[in-house]
Amino acid sequence: MIELYTFTTPNGRKASIMLEEVELPYNVHVIDISKNDQFAPEYVAINPNSKIPAIVDKDTDTTVFESGAILMYLADKTGKLLPKEQKSRYQVIEWLMLQMGSIGPMFGQFNHFNLHAPEKIPYAIERYKKETLRLYGVLDKQLADNEFICGDYSIADVATFPWVTIYEIQEMTLDNHPNLKRWHDTVSKRPAVQRGMKVP
């Protein structure tokens, strides 16, 4: 049994989608970051960085925090969504790291300055919107010749989808990136993705 500590954010939904995709049983523990639950000592003991998500694998007594590490752990545990062959494996890891290091942070900063910052700062909004669009272009180019980001469906797709699917909330469109739009629409129809997006 996996204990999942999560909330309604793109990073949180990576973990729930993955658990649904690999069909592992899990319990959900809501960490309401709007109420600072992530700073409770009980949760800091699980994730010293006070972010969601995190998991505890009761089968192996293993705790994993950071969403990318969680995806890799669950893929290795189940033998699903991460190739074993080295070249293919590292291609998936490359695109997972792109999501972790660029797509998540840049889309997140665009969200903050465009929608939540108490003061509208045009320079910051334009900077992160431009970078979001650049990353849309990177994904669109990769998807021109691939059904999924690395050919076969993988943890790279699981990691990236929750961030791309917020495009309407971000007041963006995928219409100018047809390959990305096609991929988004395909992934959004997966039953495991639909279930995972509803957690918690």
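Being a predicted model, the structure only gives us computed values, none of them experimental.
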Practice task
Output, in order, the C-alpha distance, side-chain angles, deciding distance and verdict of side chain to side chain contact (heavy atoms under 4.5 Å, CB included) for Thr132 and Tyr167.
Solution key: CA-CA 10 Å; Thr132 295; Tyr167 71 92; over 6 Å; no
Can you tell me if [X] has over 12 outside heavy atoms packed within less than 6.0 Å of its [atom1]?
X: Asp32; atom1: CG; result: yes
X: Arg89; atom1: CZ; result: yes
X: Asp61; atom1: CG; result: no
X: Glu131; atom1: CD; result: yes
X: Phe39; atom1: CZ; result: yes

Exercise for the section: Decide whether a cation-pi geometry holds between Arg190 and Phe161; the criteria are a distance under 6.0 Å from NZ or CZ to the six-membered ring centre and an angle within 45° of the ring axis. Expected result: no
Within a strict 4.5 Å, meaning less than it, do heavy atoms of the [X] and [Y] side chains meet?
X: Arg13; Y: Thr8; answer: yes
X: Lys80; Y: Glu21; answer: no
X: Val64; Y: Met72; answer: no
X: His177; Y: Leu133; answer: yes
X: Ser16; Y: Leu4; answer: yes
X: Val158; Y: Tyr153; answer: yes
X: Leu74; Y: Ile55; answer: yes
X: Lys14; Y: Met100; answer: yes

[X] side chain to [Y] backbone, donor-acceptor under 3.5 Å:
X: Asp57; Y: Thr63; answer: no
X: Arg182; Y: Glu147; answer: yes
X: Tyr5; Y: Lys51; answer: no
X: Asp140; Y: Leu180; answer: yes
X: Glu85; Y: Ser88; answer: yes
X: Gln38; Y: Ile52; answer: no
X: Asn146; Y: Gln142; answer: yes

Handout entry: Derivation of the side chain to side chain contact (heavy atoms under 4.5 Å, CB included) call for Thr78 and Glu23
Key = CA-CA 9 Å; Thr78 60; Glu23 300 179 292; over 6 Å; no
Please check if [X] and [Y] belong to a single hydrophobic cluster, counting links between Ile, Leu, Val, Met, Phe, Trp and Tyr side chain heavy atoms closer than 4.5 Å.
X: Val28; Y: Met1; value: no
X: Val44; Y: Ile46; value: no
X: Ile2; Y: Phe65; value: no
X: Tyr73; Y: Tyr90; value: yes

Practice task
Step by step, work out the side chain to side chain contact (heavy atoms under 4.5 Å, CB included) result for Leu135 and Met106.
Solution key: CA-CA 9 Å; Leu135 289 163; Met106 295 301 102; 3.9 Å; yes
To the closest 0.5 Å, what do you measure between [atom1] ([X]) and [atom2] ([Y])?
X: Leu81; Y: Cys150; atom1: CG; atom2: SG; result: 11.5 Å
X: Met197; Y: Ser188; atom1: CE; atom2: OG; result: 9.5 Å
X: Leu71; Y: Leu82; atom1: CG; atom2: CG; result: 9.5 Å
X: Lys181; Y: Leu143; atom1: NZ; atom2: CG; result: 14.0 Å
X: Asn114; Y: Gln109; atom1: CG; atom2: CD; result: 12.0 Å
X: Thr165; Y: Trp163; atom1: OG1; atom2: CH2; result: 12.5 Å

[X] and [Y]: which non-hydrogen atoms are nearest, and at how many Å?
X: Ile149; Y: Asp157; result: N-OD1, 3.0 Å
X: Ile166; Y: Pro162; result: CG2-O, 3.5 Å
X: Pro53; Y: Thr6; result: CB-OG1, 4.2 Å
X: Ile155; Y: Ala75; result: CG2-CB, 4.1 Å
X: Tyr43; Y: Asp37; result: CB-O, 4.0 Å
X: Ile125; Y: Lys120; result: CD1-CD, 3.9 Å

Exercise for the section: Any chance you could lay out the side chain to side chain contact (heavy atoms under 4.5 Å, CB included) test for Thr62 and Lys77, step after step, and finish with the verdict? Expected result: CA-CA 11 Å; Thr62 302; Lys77 179 180 175 71; over 6 Å; no
Practice task
Anything under 30° is parallel, anything over 60° is perpendicular, the rest tilted; go ahead and classify Tyr128 against Phe113.
Solution key: parallel
Problem - SB check Glu126 Lys129 (cutoff 4.0 Å) - result: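 No.
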Practice task
Go through the steps to decide whether Tyr26 and Glu20 satisfy the test side chain to side chain donor-acceptor pair (under 3.5 Å), and finish with yes or no.
Solution key: CA-CA 9 Å; Tyr26 64 100; Glu20 291 290 340; 2.7 Å; yes
